[in-house]
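As the structure lists them, so they are numbered: ligands from 1, and atoms in each ligand from 1.
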Amino acid sequence: MKVFTNAENLRQALMAQKDKKTIGFVPTMGALHKGHLSLVSQALSENDCAVVSIFVNPTQFDNAGDLKKYPRTLDKDVALLKTLQGTVYVFAPTANELYNNAIVSRHFNYGPIAKEMEGKHRDGHFDGVGTVVSLLLKAVNPNKAYFGQKDFQQLQIVKKLVELEKLSVKIIGCPIVREENGVAMSSRNKRLTKSQFEAATVISKTLKEVKDNFEKMSIPQLNALAKQRFKDNKHIELEYFEIANEATLKTVQRKRKGNKYRGFVAAFAGEVRLIDNMHL
Ligand code: AMP
């Protein structure tokens, strides 16, 4: 498996394939786990080949410590990708290569979907995401690109980005892959101690409890229930729990017939920030 660090070399390798090969693209920040691999498997099953980018994008981090401590395990990532059946190209550029020596965010007008939750709590995050995804999509020029529902708001942002930038790629949302104890798989889980990893089960358990009570209880009651579950857990500090309309991502205080809703959590285990969500 060849690892490309240069977009032009990758483009040439992709073009050297026979005519009409379709490309499925999976952008990642590496430290790959089964969640990422499920996206790559889906990309391989729906296309002739997959491109996986591994790039820790500096412009989407609002916290320098988080960027510095983000796990980087390229050799292990390549070994994991080799276990999959199919043609996989790895694209692992340096920041200067991808950004053409100007490592700054562009600004995007995504509209209201960017103003809630992650948009509210991580300054400039979605501008950084839009900037890197736009650069990557232009470098790879895939037929389809695969994003996890683990980052549900990001998935909606990317769909909006493709519309704004008039890119001809189909964005596919893929289900969340969880650990056996219910914790959503994440590269950041590698930074958790054993007891933090156990304590982090409060996130998915609370989302599930809210889902199970969604018909019976009002939104303010469900919000109060969720907040109480986090108050009862000394190891996990809640940043936000929100119930939002799945289409608009607007957080809501009452349910309306015909709308779909989703619960969203961001919480800290020590310094490590974890997010999760669930359809209700
Ligand atoms: P990341 O490397 O965290 O930027 O993630 C790269 C892609 O993998 C994003 O589209 C994520 O939403 C997706 N992803 C990360 N964790 C999971 C998971 N547990 N299940 C499904 N998709 C995931």
Visitor: Got a sec: does the CD of Gln85 have more than 12 other heavy atoms crowding it under 6.0 Å?
Guide: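 12 or below, so no.
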Visitor: Under the ring pair (Phe, Tyr, Trp, His ring centres under 6.0 Å) rule, what pairs show up with a residue in residues 173-218, not counting sequence neighbours?
Guide: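 Those involving residues 173-218 are Phe214-Tyr261.
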Visitor: Look at Glu165 together with Arg106 and state whether they make a salt bridge at an N to O cut-off of under 4.0 Å.
Guide: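 Yes.
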Visitor: Find all atoms of ligand 1 within a distance of less than 4.0 Å from any non-hydrogen atom belonging to Lys150, and give their numbers and elements.
Guide: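 Checking each atom against Lys150, I get 16 (N), 17 (C), 18 (C), 23 (C).
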Visitor: Which atoms of ligand 1 sit under 4.0 Å from any heavy atom of Pro175?
Guide: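 Result: 20 (N), 21 (C).
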Visitor: Find all atoms of ligand 1 within a distance of less than 4.0 Å from any non-hydrogen atom belonging to Met29, and give their numbers and elements.
Guide: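 Listed by number with element: 1 (P), 2 (O), 4 (O).
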Visitor: List every atom of ligand 1 that sits less than 4.0 Å from any heavy atom of Pro27, numbering the atoms from 1 in the order shown and giving each element.
Guide: 6 (C), 7 (C)
Visitor: Among Val177, Leu32, Val56, whose heavy atom sits nearest atom 20 (N) of ligand 1?
Guide: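 Comparing heavy atoms across Val177, Leu32, Val56, the nearest one to atom 20 (N) of ligand 1 lies in Val177.
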Visitor: Tell me yes or no: between the side chains of Tyr70 and Asn57, is some donor less than 3.5 Å from an acceptor?
Guide: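 No, Asn57 and Tyr70 have no side-chain donor paired with an acceptor closer than 3.5 Å.
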Visitor: Heavy-atom contact check, 4.0 Å cutoff: does His33 meet ligand 1?
Guide: yes
Visitor: Quick check: Ser186 and ligand 1, any N/O pair under 3.5 Å apart?
Guide: no
Visitor: Which of the atoms in ligand 1, numbered in the order shown and given with their element, are less than 4.0 Å from a heavy-atom of Leu39?
Guide: 7 (C), 8 (O), 10 (O), 13 (C), 22 (N)
Visitor: One thing to verify: whether Glu239 and Arg122 come together as a salt bridge, which I'm taking to mean a side-chain N less than 4.0 angstrom from a carboxylate O.
Guide: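 Looking at Arg122 and Glu239, the cut-off is not met.
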Visitor: Which residue owns the protein heavy atom closest to atom 5 (O) of ligand 1, what's the atom, and how far is it?
Guide: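 Sorting protein heavy atoms by distance from atom 5 (O) of ligand 1 puts His36 NE2, 3.4 Å first.
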Visitor: Under a 4.0 angstrom heavy-atom cut-off, which atoms of ligand 1 come close to Met185?
Guide: 16 (N), 17 (C), 18 (C), 19 (N)
Visitor: Thr22 and Asn143: which non-hydrogen atoms are nearest, and at how many Å?
Guide: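 Looking at all heavy atoms of both residues, the shortest contact is CA-OD1, 3.3 Å.
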Visitor: Salt bridge between Lys208 and Asp276, side-chain N to carboxylate O under 4.0 Å?
Guide: no
Visitor: Give the atom numbers and elements of ligand 1 that come within less than 4.0 Å of a heavy atom of Ile176.
Guide: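 So the atoms of ligand 1 that pass are 20 (N), 21 (C).
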Visitor: Are there over 12 heavy-atom neighbours, none belonging to Lys76, within less than 6.0 Å of that residue's NZ?
Guide: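 Atom NZ in Lys76 is not packed in, count stays at 12 or less.
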Visitor: Under 4.0 Å from a heavy atom of Gly148: which atoms of ligand 1 are those, numbered in the order shown and with their elements?
Guide: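 The atoms of ligand 1 under 4.0 Å from a heavy atom of Gly148 are 9 (C), 10 (O), 11 (C), 12 (O), 13 (C), 22 (N).
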Visitor: Tell me: protein heavy atom nearest atom 3 (O) of ligand 1, and distance?
Guide: Tyr70 OH, 3.8 Å
Visitor: Indicate yes or no for a side-chain donor-acceptor contact from His125 to the backbone of Gln60 under 3.5 Å, with no hydrogens or angles considered.
Guide: yes
